[in-house]
Amino acid sequence: MVLIGISAGLISLALRDPSAARLEQEGVRLAALLEAGRAEARAMGLPVRFELGSPESGEAFRFVGLPPQRKLPQGWLNEALSAEIVGARALVLGPEPLIGPQRITLRLGERQLTLATDGLGPFAPLATATEGTP
């Protein structure tokens with residue numbers, strides 16, 4: 001019985017939707033980048049914000065306020081990914097330690113993943129990636 005349970009679990013992981021895995025990978029990466037930007041903002045005492053870019057600018061997103069030598073990535077790993085900052089034009093990352101609640105939703109095909117912070121804790125997924133409308 002135990003072997004059957006373990007086998008079924010491994011099979012379900014192997015059959016996982018690749019777009020869900022790519023979306024989760026982007027979510028983990030973005031959460032790490034946002035926390036890096038937040039740490040830099042606090043360490044240097046600079047007002048830093050995260051903004052979404054445009055196709056014309058050649059950048060998917062940017063960190064505004066960091067010195068040029070502290071340049072963070074400006075693109076998604078998957079070009080089909082889209083993002084929306086919920087309720088604002090930018091995410092404020094600092095320099096204050098308490099930044100206020102913020103959310104960003106990532107979409108890849110029919111799947112979406114929302115990263116959020118309560119303003120004190122780190123940016124993290126609200127739940128696993130889901131299918132359907134926002």
Side-chain angles (χ1 to χ4, degrees):
M1 289 291 248
V2 172
L3 290 175
I4 292 171
I6 292 172
S7 297
L10 290 173
I11 290 170
S12 69
L13 288 175
L15 297 176
R16 190 165 174 218
D17 182 6
S19 66
R22 286 192 300 267
L23 183 60
E24 286 181 22
Q25 179 185 24
E26 289 281 12
V28 168
R29 178 176 177 254
L30 180 58
L33 288 172
L34 291 171
E35 288 308 310
R38 195 171 171 188
E40 291 284 342
R42 281 189 266 172
M44 292 187 280
L46 295 173
V48 176
R49 65 185 189 278
F50 172 88
E51 297 178 348
L52 295 174
S54 65
E56 299 83 35
S57 68
E59 58 191 17
F61 55 83
R62 61 186 165 271
F63 290 85
V64 178
L66 289 175
Q69 66 269 24
R70 302 279 191 193
K71 192 157 179 109
L72 293 174
Q74 297 179 335
W76 306 115
L77 297 175
N78 188 316
E79 291 183 17
L81 188 106
S82 65
E84 174 189 1
I85 297 172
V86 180
R89 297 190 70 188
L91 299 174
V92 176
L93 302 178
E96 298 82 16
L98 184 62
I99 58 175
Q102 300 179 82
R103 291 180 184 210
I104 183 169
T105 299
L106 305 178
R107 289 186 183 83
L108 185 58
E110 294 295 316
R111 296 195 170 274
Q112 70 179 31
L113 176 69
T114 299
L115 299 175
T117 179
D118 61 1
L120 188 57
F123 282 89
L126 286 180
T128 58
T130 58
E131 284 190 43
T133 59

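These numbers come from the heavy atoms of this one structure, side chains and all, not from hydrogens, waters or symmetry mates.
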Report summary line: Here the pair of heavy atoms bringing Glu26 nearest to Leu77 is OE2-N, 2.6 Å

Requested in this report: For residues Leu115 and Gly27, report the shortest heavy-atom separation together with the two atoms involved.
Outcome: CD1-O, 3.5 Å

**Report entry** From CD1 (Ile85) to CG (Leu91), nearest 0.5 Å
**Finding:** 4.0 Å

Query - Closest contact, heavy atoms only, Leu46 versus Pro67 - result: CD1-CD, 3.7 Å

**Report entry** Worked check of side chain to side chain contact (heavy atoms under 4.5 Å, CB included) between Leu52 and Ile104
**Finding:** CA-CA 10 Å; Leu52 295 174; Ile104 183 169; 4.3 Å; yes

Under 3.5 Å, which donor-acceptor pairs do the side chains of residues 29-39 form with other protein atoms, sequence neighbours left out?
residue : atom : partner : partner atom : Å
Arg29   : NH1  : Gly75   : O            : 2.8
Arg29   : NH2  : Gly75   : O            : 3.2
Glu35   : OE2  : Phe123  : N            : 2.8
Arg38   : NH1  : Gly121  : O            : 2.8
Arg38   : NH2  : Pro97   : O            : 3.4
Arg38   : NH2  : Gly119  : O            : 2.8
Arg38   : NH2  : Leu120  : O            : 3.4

Report summary line: Ala41 and Pro95 have their tightest heavy-atom pair at O-CB, 3.5 Å

Query raised in the report: Which residues satisfy the salt bridge (charged side-chain N to carboxylate O under 4.0 Å, His left out) test with Arg49, sequence neighbours excluded?
Result: Glu51

Requested in this report: Under the side chain to side chain contact (heavy atoms under 4.5 Å, CB included) rule, collect the residues that match up with Val86, sequence neighbours excluded.
Outcome: Arg103, Thr105

Query - Pairs involving residues 66-119, ordered by first then second residue, that meet ring-ring contact (aromatic ring centres under 6.0 Å, His included) (sequence neighbours left out) - result: Phe61-Trp76

Query raised in the report: Of all heavy-atom pairs between Gly100 and Thr117, which one has the smallest distance, and what is that distance?
Result: O-CG2, 4.1 Å

Query raised in the report: Cluster question for you: counting only ILVMFWY and a side-chain heavy-atom cut-off of under 4.5 Å, with indirect links fine, are Val48 and Met44 together?
Result: yes

Report task. Take Arg107 and Glu84 through the test side chain to side chain contact (heavy atoms under 4.5 Å, CB included) and record every step on the way to the result. Result -> CA-CA 8 Å; Arg107 289 186 183 83; Glu84 174 189 1; 3.3 Å; yes

Requested in this report: State the CZ-CG distance between Arg111 and Leu113, to the nearest 0.5 angstrom.
Outcome: 10.5 Å

Report task. Heavy atoms only: give me the nearest Gly94-Ile99 pair and the separation to one decimal. Result -> N-CG2, 4.1 Å

Query raised in the report: Same hydrophobic cluster for Leu93 and Leu72, using side-chain heavy-atom links shorter than 4.5 Å among ILVMFWY?
Result: yes

Requested in this report: Could you list all the salt bridge (charged side-chain N to carboxylate O under 4.0 Å, His left out) pairs where at least one residue sits in residues 65-80, not counting sequence neighbours?
Outcome: Glu40-Arg70

